[in-house]
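Here is the structure we will look at.
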Amino acid sequence: MLKGNLTCENISRLILPYIDDKLTENQRNRVAIHLRNCPFCMEKYRIIKSLFDKIKQKNIQRAKKFQQYKLLSAYCDNEVSENTKDNIEASLALSCELTQKAIKINNLKKLMNYVFESQFANIELNMEKDIINRLKNDNIFKKIKTKIKKFKLHF
């Protein structure tokens, strides 16, 4: 509970809770009165409030961009409903920027799939080559041929 008149020092500690609407109605009223009567605290409040508003706006923009990318990614993977697909295609027709984003996402996915598949194929080939080389080095082929010949002779 705040007692007596609020000093500029008190207001400095209460500006953030005031902006976040974390004060009681009585506390809010007292801070508002002080801000109206103290140009120094009012300027401090305006600066802090504008910074918070900018941060909030940037966070909203980031969230919207993230949702756009997520939706475009789902669209590229055919993981959206027909209605959503129609809406996206209509938006893509109207927006060059969205079209470019969808193309970039699709190209990135294709590239990632290509890299994965080529690396996987290389791993398989390398393993096969390695096995064949080991077999050759250990003369396994000769041993197998010898066993086969012996096996045929027994029948």
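In what follows, every heavy atom counts, from backbone to side chain, and hydrogens, waters and symmetry copies are set aside.
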Min side-chain heavy-atom separation N59-K56 under 4.5 Å: no
Any residue meeting salt bridge (Lys or Arg N to Asp or Glu O under 4.0 Å) with R28, in chain and number order, not counting sequence neighbours: D21
Interatomic spacing from CG in L16 to NZ in K22 - rounded to 0.5 Å: 11.5 Å
Side chain N37, main chain H34, donor-acceptor under 3.5 Å: no
Which residues share a side chain to side chain donor-acceptor pair (under 3.5 Å) with S50, sequence neighbours left out: none
Interatomic spacing from CD in E9 to CD1 in I11 - rounded to 0.5 Å: 11.0 Å
Contact summary for L35 and Y18, nearest pair of heavy atoms: CD1-CE2, 3.8 Å
Least distance between heavy atoms, K44 atom then I15 atom: CD-CD1, 3.8 Å
Joint cluster assignment, Y45 & F52, ILVMFWY side-chain distance < 4.5 Å: yes
Closest non-hydrogen atom pair, I19 against I48: CD1-CG2, 3.5 Å
Residue pair Q27 / T24, side-chain donor-acceptor N/O under 3.5 Å: yes
Inter-residue atom distance C38.SG - L6.CG, 0.5 Å rounding: 11.0 Å
Counterpart residues, side chain to side chain contact (heavy atoms under 4.5 Å, CB included), relative to E25 (two or more places apart): N29
hydrophobic_cluster_shared for L23 and M42, side chain cutoff 4.5 Å: yes
Spacing of R13 atom CZ and C8 atom SG [to the nearest 0.5 Å]: 11.5 Å
Spacing of K58 atom NZ and K54 atom NZ [to the nearest 0.5 Å]: 9.0 Å
